[in-house]
Chemist: 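If you scroll down you'll find the structure; I have some questions about it.
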Amino acid sequence: VAKLCTCDLLVAQCDVNCCCDPDCSAADFSLFTTCSVPIVTGDSRLCSQKAAVYSLDVKANPPERVFQLIDHVNPSVFCIHATNYKQALYFPSPEMPTPENFDELFKKFGSAAFSAEPESWTLDSDAPNPSDANETYRYEYGVPIQTVDGFLRLPSPVVSSWCSDANPAGFLVNQATKCIRSVSVGKCGNIQAVSMLFYINSSILAKLHEFVFQVNITVQSVVIQSLNGMRTLLNSKDVLRHPMILDELCKNVVLGVSYHITYTDAGEIIEAAASFVLGAINKEALSVQQSFEISFTQVNTKPIPLSGNPGYVAGLPVRAGFKPQKYPFPIAVLLSSLSTNAYGQLTILQSTSNQDCLTAQGGRTPVLFGYNMISGCKLRITAAVKCQPLTQALLDLLKGQSFPEYVASFGNSQAENVHDWVPIIHLQNSEQRIYNTFQSSCQIPVSLEIEVKWTKYGSLVNPQARIVNVTATTTTTTLKQLPSGRERTIPILSSVVFTDISSPAEPGYKAWPTINAKLPFDFFFPFV
Amino acid sequence: LSSVPLQILLYINGFYYIFYFLATLAMIFYKSQVFSYPDNFLAPDLTLLFIMAILEALRLYLGSKGNLTEEEAPLGISLVITVGSVILSVYFLVWQTYVLKADVIINAILLFTYGLESVLQVLAIAAFVG
């Protein structure tokens, strides 16, 4: 009973007014006003049991916590003197489903309702499952990553912008934080939190609670940031750089740390690397801003940034790609090998400040799901331009070097599933009505409109966005020959529109329960 | 020359046992409502209680008859049955599924009575034989 504490909610930190918290020191106890949990006992129906009593002695100065282990006696004559039934006073632990007992459990509990009192109580359900021993040692989502002395800390701003070292990094929780660290004047060499050693000092435990396997944090790269903001990558990454004072500046101060943790799907951490950004601050500076990041990668996989899982998330880029030519024997298509840009995204023309199409550097911006975009530039035409090269240049400008053929239907579509990808439909539109069919004049594309039709897919409470149709409409206009010396300016536009074509949702309800009351076949036996 | 203390004790034992039987039955009922008392633990307890009641009736009748007719045989059988009753009483004191403080009290009194009766029965048999 002395070890139980129901108010100890924060890990490795002192809970307020919790007198039984083992993380609290005597100084913390002196600040409490009451004890939220005054007594911890077992089942109070037992005749005599040990109880842990916590109280605050306010008369002492400073107040201190008083802990007593007393015998709590139940005066009632119906108190439990002894029991020979092991599960009497405890909740039964539910059976863990394994491949062997899954069918039986499904039969018992798989329907819409099952009786609270099972037909037979099993006597051996209090034996600890042998698989539990392995279960507690794997990291699960959100569990703080343990190191040899405590937890892997990701300093983050708490309440104010000042860095607090008490934020443990959670497993598989990608975080990025920025906070301000206070640096006292002239002593930057003594502050631990701005030196590299502080962040790679303790090794991470590969499995929870097991100190046998430890993973050292290696230094992946070191980038030095100069005072004017320019960053250079250092070639030697094995040297640990300590802050040192040199001519009014404090050099090798940690400005940013980025942790990369590699894990296996058994919940073990096998590698940890940290990339540093070191900089120099003024010796007299009182604070420095630090930024921290942590990301997780599964071993043997290359991380592909998903745009949603499974539906697209507004603001994430739309993924697109090509299908390579089919060979005589059908081979699995690899769509992400050749893509519009390095990340496999759909892109449109990016407007530049000088708005001149022909001098544009060809910068393109990825299309973000749900965000309608429009961009353009102005084309100056003189008499000397030729039609065919101009058409080709404009097409390149509007569509980019390699316009994709397929767009991913879901944010997490894999390249191997052909059906998860939607082909882009190309349409041609002519701006001016063609009056005569002897059209020999030049048609140049002036606008590209991409219309993305998407629908809500899935359950009513958690609909996922799914792209159903993508249409790219190219509008052309006739280029009239100009008399020499004259100039014309034509606006070139490219736009992306997202349309929601989801049909109204139809909630599906369960069928009404019916009373299944039928008389047995031979109810009217003697008469039938 | 029947033993008067033995007869008095047997008489009182009869009344006390009726009280004991009803009290234990009531407490088993109470336990089954308040605690989790599954059927495969409830059945042995109830069965043994009823067996104990039957044995007790038999024991008191034989003991009383043997004492009044001054014969050793019924007294001897009664003594043997007393051993069985003692074991059952110890079961209810120690090996029951839930032993409440009240259980402890009434079983202790019953065991004490059995002890006293056994001693008096042995003395009576000695008196009748010799």
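Quick caveat, the model's predicted, so the values are computed rather than measured. Order of the sequence lines fixes the chain letters, A, B, ..., with proteins taken first and strands second; residue numbering starts at 1 for each chain.
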Chemist: Distance from A/I80 atom CD1 to B/F35 atom CZ, nearest 0.5 Å?
Modeler: 3.5 Å

Chemist: Counting heavy atoms not belonging to A/F67, are there more than 12 under 6.0 Å from its CZ?
Modeler: yes

Chemist: Against chain A, label B/V94 side chain, backbone, both or neither, depending on which of its atoms sit under 4.5 Å from a heavy atom there.
Modeler: backbone

Chemist: Kindly give the heavy-atom pair with the smallest separation between B/L100 and A/F78, and that separation in Å.
Modeler: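 That would be CD2-O, 3.6 Å.
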
Chemist: Among residues 74-92 of chain B, which residues come closer than 4.5 Å to chain A, judged by heavy atom distances?
Modeler: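 Result: none.
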
Chemist: Would you name the heavy atoms of B/K101 and A/P75 that are closest together and state the gap between them?
Modeler: NZ-O, 4.1 Å

Chemist: A/C79 versus chain B, heavy atoms under 4.5 Å apart: side chain, backbone, both or neither?
Modeler: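 A/C79 touches chain B through backbone and side-chain heavy atoms alike.
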
Chemist: Would a distance-only check, ignoring hydrogens and angles, find a side-chain to backbone donor-acceptor pair under 3.5 Å from A/N84 to B/V99?
Modeler: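 No, A/N84 side chain to B/V99 backbone: no donor-acceptor pair under 3.5 Å.
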
